[in-house]
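Down below is the structure, laid out as structure tokens.
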Amino acid sequence: MNFICRKILKDQLDILGIDYTVSGRGEVVFDTPLTLEQVAHLETEFALWGMELMDNGKSELVQRIKETIASMLENDESRRVKLSSYLSEKLNYSYAHLSNVFSETTYSSIENFLILKKIDHAKFLLLNEKLTLTEIADKLNYSSVAHLSSQFKKTTGLTPSSFQKLILKRSQVSRKFRVNQ
């Protein structure tokens, strides 16, 4: 759990006077069961920060799957490993079990989530690293630039080059607007 999440959590639990402990994995364990009013308050406050309460093992496992996929995409060597093998090894469950829990909880597949994360990463690389599509396709373990471009367009509705142009145009308009104010 990162610093900001811990701070928000601590502040909200302190406001409500709730006693808790945080495990090594960032799980919060409450000393006494929460009232419905406390749960509602926490859900409302956490939603403002894009956070949510997870109250069962399936939701926790889905969160761990998402975090594991995110960390996989951050590591060049891990991206080369087959997703099913990587998740099974890191989370100590069969891929079939992980896939079923993920689908039941999110109404989407792990593969779709991976594609969304890879496209988000591709957007970041396009805008911040100034890499070519060939370099990005290789970095994200796509079989070809055409495959990356196809998934990019299917996911965003734009080709990677159209996306770059749109963002560039928006930033120019934004700069003009700030200068003219």
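Everything numeric in this text was worked out from a predicted model, so none of it was measured.
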- Euclidean distance, D138 CG relative to L148 CG, rounded to 0.5 Å: 11.0 Å
- Query: Residues two or more places apart in sequence or in another chain: which of them pass salt bridge (Lys or Arg N to Asp or Glu O under 4.0 Å) with E104?
  - Reply: K58
- Task: Kindly write out the residues that satisfy side-chain contact (heavy atoms from CB on, under 4.5 Å) with E135, not counting sequence neighbours, or none if the list is empty.
- Result: L131, T132
Can you give each donor-acceptor pair under 3.5 Å made by side-chain atoms of residues 11-18, sequence neighbours left out, with the distance rounded to 0.1 Å?
from, atom 1, to, atom 2, distance (Å)
D11, OD1, K7, NZ, 2.9
D11, OD2, K7, NZ, 3.3
Q12, OE1, H41, NE2, 2.9
D14, OD2, K10, NZ, 2.6

- Task: Find the distance between OH (Y107) and CG (N112) and round it off to the nearest 0.5 Å.
- Result: 16.0 Å
- Item | pair L42-E45: side-chain heavy atoms closer than 4.5 Å | no
- Query: Taking all atoms of both residues into account, what is the closest heavy-atom pair of I115 and T155, and its distance?
  - Reply: CG2-OG1, 3.9 Å
- Query: Got a second to check how far E67's CD is from L91's CG, nearest 0.5 Å?
  - Reply: 9.5 Å
- Y95 meets the side-chain hydrogen bond (donor to acceptor under 3.5 Å, both in side chains) criterion, sequence neighbours left out, with E111
- Sequence neighbours excluded - ring pair (Phe, Tyr, Trp, His ring centres under 6.0 Å) pairs with any residue from residues 130-163: Y142-H147, F152-F163
- Item | Stepwise side chain to side chain contact (heavy atoms under 4.5 Å, CB included) test for L61 and I65 | CA-CA 6 Å; L61 183 55; I65 291 167; 4.3 Å; yes
- Query: Just checking, is any N or O donor in the side chain of S71 or T68 under 3.5 Å from an acceptor N or O on the other one?
  - Reply: no
- Could you list the residues that satisfy side-chain contact (heavy atoms from CB on, under 4.5 Å) with Q164, not counting sequence neighbours? L126
- All side-chain hydrogen bond (donor to acceptor under 3.5 Å, both in side chains) counterparts of S88, not counting sequence neighbours: none
- Between I110 and L87, the two heavy atoms sitting closest are CG2-CD1, 3.8 Å
- Listed partners of S103 passing side-chain hydrogen bond (donor to acceptor under 3.5 Å, both in side chains), at least two apart: none
With a cut-off of 3.5 Å and sequence neighbours excluded, list every side-chain donor-acceptor pair involving residues 116-124.
from, atom 1, to, atom 2, distance (Å)
K118, NZ, L140, O, 3.1

- Taking the side chain as C-beta and beyond, is there a heavy-atom pair between S149 and L133 under 4.5 Å? yes
- Task: Using side-chain hydrogen bond (donor to acceptor under 3.5 Å, both in side chains) as the criterion, list what pairs up with S108, not counting sequence neighbours.
- Result: none
- Please tell me if the side chains of L83 and L114 come closer than 4.5 Å, counting only heavy atoms from C-beta onward. yes
- Message: Looking at L48, I want to see if its CG is surrounded by more than 12 non-hydrogen atoms of other residues, nucleotides or ligands under 6.0 Å.
- Response: yes
- Item | By side-chain contact (heavy atoms from CB on, under 4.5 Å) - contacts of K154 (at least two apart) | none
- Message: I'd like to check the ring-ring contact (aromatic ring centres under 6.0 Å, His included) partners of Y86; sequence neighbours left out, ordered by chain and number.
- Response: none
- Does I8 belong to the same Ile/Leu/Val/Met/Phe/Trp/Tyr cluster as Y20, with side-chain heavy atoms less than 4.5 Å apart forming each link? yes
